[in-house]
Amino acid sequence: MAANLKLVRRALIVPPLAADTAQEEVVKFRGSLGVFGKAGTGKTSTLVRAALSRMESGQDPNSVLIITYGRESASIIRDQIAIGAKSTATNPLARTFHSLAFSILNEKLSPEDPMYILVSGAEQDAFISEMLESGFDKSQWHVDLALAKSTKGFVREVRDLILRGTELGLTPEDLKRLAHEMNEPYWSGAADFWASYADVMNLRSMSVGETVIRIDPSAIIVEAIYRLKSSPELLKKYRSMFSTILVDEFQESDKSQRELLALIAPEDTVLFVDSSSAVGRFRGADPDSVDRYIREKTKVQIDLDFQHRIQSERIEDAVKLASHAEAAHYIAHELKRAYLHDGLPWSKMAVLVRNPGLQVSALQRAFAQNGIPLNVDAGALALADNPAVRPILDIANFALRPHLLTPGNWERIESVLLSEFCGADALELRQIRVKLAKERIDGSSKTTTEMALELIEDPTISIDSEFRVFARLRDLLAAARKASRGDVSDVLWAIWDSSMDYNGAKISTLWRERALNGGNKGALADRDIDSVIQLFESARRFAERAPGARATTFIDQLFEERILSDAIFSKAQRENVVSLLTVHSAKGLEWDFVALAGVQEGAWPNLKERGSLLGSERLVEAERTGLRSPSEIAASTSYGLIKDERRLFNVARTRAKSRFFVTAVQAEDLQPSRFFDEIFEELYGISADEGDHAKSERSLTSQALISELRRTLESSDEAGKEFATKLLKSLSSEGFSAANPETWLGARALSSDALVVPAEESVYVSPSGLQSFEDCGLKWFLEKNGARDGDSTAQLLGTAIHALARMAAEDSTLTLDGAVEKLTQSWSIVDQNVGWFKDAQLGEARAMLERFFDWHRDNEREILAVEAPFKIEVGRAIVSGSVDRLESDGSALHVVDLKTGASATTKKDALEHKQLAAYQLAIMEGGFTSVSPITKSGGAELLFVGGDRGDAALRIQPTVEREIISAQIESAAEGMGSNEFTATLNKNCRTCAVKLICPLQANGRSVIE
Ligand code: SF4
């Protein structure tokens, strides 16, 4: 049935009408105007009103251009004007300088005009790195840089220097001149490199096709200026295109942006500025002189001094916590409280961070646990750090660079094994190590990590089910390698498409289903799918822009990329979610409630000089100030840096309209920042050091509340218990199923208390089951009813040794060598491993046969039968089975039971061994009269041929008393047919297959209690 869908426009809040005279003046003014105003004075809403006012008075919306600082704020301004305006524009009304310049470059005045393609920062890094490595680079680099040149940090410094130089409108020749004037030892080589880089960029553009030009972000504006200046036709077109230009956040503009503006600015140009919130000085912004610039370049200036965010109504707080995880939970709790108690929508809240990093992961975890929808801005989380994307990149990296599969990289390999793509858990990996340690051949110096890597790497080794996690990784590596002839998208797709869980369901399908099911898990799956889509989008663009480039170059780019530098990628808009973003991305935006996380000393203020080796910041400072003396420039730079950081902090603090709080961690190696101290002291009158750590409270989720109520029920607080009972009852009746005791594990009534075997029926008992039942009734019952693994290699080996032992008894001509040969020939049935693993197993099997043949040769009794079946009745019990060897000494029968396990039963335990005793009773009860008329038992023996020993170990049980054993078997049969099975700790618990659900073990207890 077709769904009836209707498109509805998202509700947006139109900014209020200008409320004070200064704003009114700005809105009405037409002409060259400078507007000063600090955060909270309503600059942006006045700008929007000014644009709307022009449109309302009949001006064509396409003739109004708004230039702003970031893509996000441009999009918000566009939305606000779209809602408020009566007519619509066909061109984007609000844009960034870069977007404007990009459209100037791609303006086609004739069919021959080239098309410009933007090169991302990470791609530039890869390109510079390839040039530095290739030998093509003939630059006269300073000798000091010989070692540094191969590092990624150096590549970034080179890019930064070229970027800043281009933005400042300099040429390589200018840089060479400045190197001399400023006595900068490294700039001369950098200038050589810059010149070659520009040549190669041009060549690359032509090789793609003469109509395509690759351009890096720094060159867009300079290139657009050049194009406007060299094409009178284009300049005329742009000059007449806009009758009004309104520029927001003008304090962030650099020299070239101002030049571009000057070229196309009409008379009606309004510049809005707040020098106290400039954050881009290191990129060329000039907050110190911007106010003067405005006064000089505009005819009229207006101060918006009316503070719209009335400070007294704003609540501020500073909270000190003991760890990043605590801080993340505290923030999640406060936001959830605002949502639940104050009815504040999620979209009106934001969390800001200074830099992407660990705290972002902690926040994501805390928000997921608290059921808070979160949208992490690309800038706050590098794509390669994304938990959904990282394993795919790691697998691709290991597939394409097998030399990285080394013990030194085990931590990374292990994180892949623990991801959903391989599906192991920490316990499983520990157990695998134990197994590998046991399977190590004597004298081998291999570590278990090396053995694990061999299993992962060598495709000729077949992998046991116990090591299935390695098989999954190996399959994914193989799929990636197979696809490596294509481009990077093919490699990543092969991994994604081949990723399955243990049941063979594709991870992609599982995530999709989870996302569609909603809830917390659904939100997480949704986020993960978004990230994977983003990864494929980046890979596709990489392959398009750099045809033929190595897939590893893309992977390296992502690993290195701390802030996603792609300006074109548009992320999906999500409604009603909390935003998590960096302070830089938050500039120009505002929310009702803002939390600023992790204001730590060392991180903020960040006084590390940007580009300290090649000194791009010195270049910017020299051009900005005209200074040439290194010491003066250094002093000016560091003074500017602390001012920048304080301005940035001020930007963060002023993003909140009604509530703002800042968190910092104080722990052994972490101290709150001086900015945090200042706010703390301002609020509480004491230093942050003297203040107490805050504690995060219980999560405001139904699960957390129900858990607390359940804990109260266990306490001795009678009033609390009564209250908890009532509340649980109410919650349960409101549909919270977790509050209903009937759903609690371990609290459900027994589904049946019927006897396993009705009282009047016989109980079938196997001799081996008798021993197992005696050891632990619960284990016996669960294993008998399906709780056991399929045959392992060890079990198959045991079967093979038993078969050969039978042949040796039946065929006296079979020698040890003959038996070993038979075993070797049929080994592939027993064990499908190859390589060292197969050698180890086969060597062990050969040793077992040797021990058996030695014992068999010296055994003087007559063999009457091998694998002789029997069946006897003992009260309710029907005991049946077969004995490995039935032997006679002439007057009595003896049973020998062959064991291939590694450890032997003690001599003392053998005396009480129930399996042997049952065999002896079978002799006495005439169970073997078809083989021999003798019904006298001479005793029974366990023959251990496995393990690490020289000769076979024999454990003897002398003749048992018939009545005693009969009574024991009858009693065991009653127990086996009953309705209660008791767990009994014993020496086999360590290897018990059902201990995860055993109430006597830690893991099992948590299931039951
Ligand atoms: S762990 Fe020990 S006590 Fe528990 S079921 Fe297994 S054998 Fe029995």
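Order of appearance sets the numbers: ligands from 1, and atoms from 1 within every ligand.
For the residue pair Arg710 / Ser707, no side-chain donor-acceptor distance below 3.5 Å is found, with atom types taken as modelled. A donor and an acceptor atom, one from each side chain of His802 and Glu867, are nowhere located under 3.5 Å apart.
Looking from atom 7 (S) of ligand 1 to the surrounding protein, the closest heavy atom is Asn986 ND2, 3.4 Å. The protein heavy-atom contact nearest to atom 1 (S) of ligand 1 is Gln1001 NE2, 3.4 Å. With hydrogens left out, the protein atom closest to atom 3 (S) of ligand 1 is Thr984 O, 3.3 Å, a heavy atom. Of the protein's non-hydrogen atoms, Cys998 SG, 2.3 Å is the one closest to atom 4 (Fe) of ligand 1. When hydrogens are left out, the protein atom nearest atom 6 (Fe) of ligand 1 is Cys992 SG, 2.5 Å; that is the closest non-hydrogen contact.
By the 30° and 60° cut-offs, the orientation of the rings of Phe467 relative to Phe470 is parallel. In this structure, Phe781 and Phe981 have parallel ring planes: the angle between them is below the 30° cut-off, well short of the 60° mark.
Atoms of ligand 1 found under 4.0 Å from any heavy atom of Lys779, numbered from 1 in the order shown, are 7 (S). Taking a cut-off of under 4.0 Å to the non-hydrogen atoms of Lys995, the atoms of ligand 1 that pass are 1 (S).
Contact between Asn988 and ligand 1 is absent, with no heavy atom of the residue lying under 4.0 Å from the ligand.
Annotation for Lys435: atom NZ counts as buried by contact number, over 12 foreign heavy atoms lying within 6.0 Å.
Taking 2.8 Å as the criterion, Cys776 counts as a coordinating residue of atom 8 (Fe) of ligand 1, since one of its N, O or S atoms falls below it.
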Report the C-alpha separation of Ile965 and Gln920 in whole Å, then their side-chain angles, then the decisive distance to 0.1 Å, and conclude whether the side-chain contact (heavy atoms from CB on, under 4.5 Å) test is met. CA-CA 9 Å; Ile965 299 306; Gln920 292 205 52; over 6 Å; no

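Contacts of Cys989 with ligand 1, taken as heavy-atom pairs under 4.0 Å, involve both backbone and side chain.
With respect to Arg711 and Glu714, no salt bridge is recorded, no charged nitrogen being found less than 4.0 Å from a carboxylate O.
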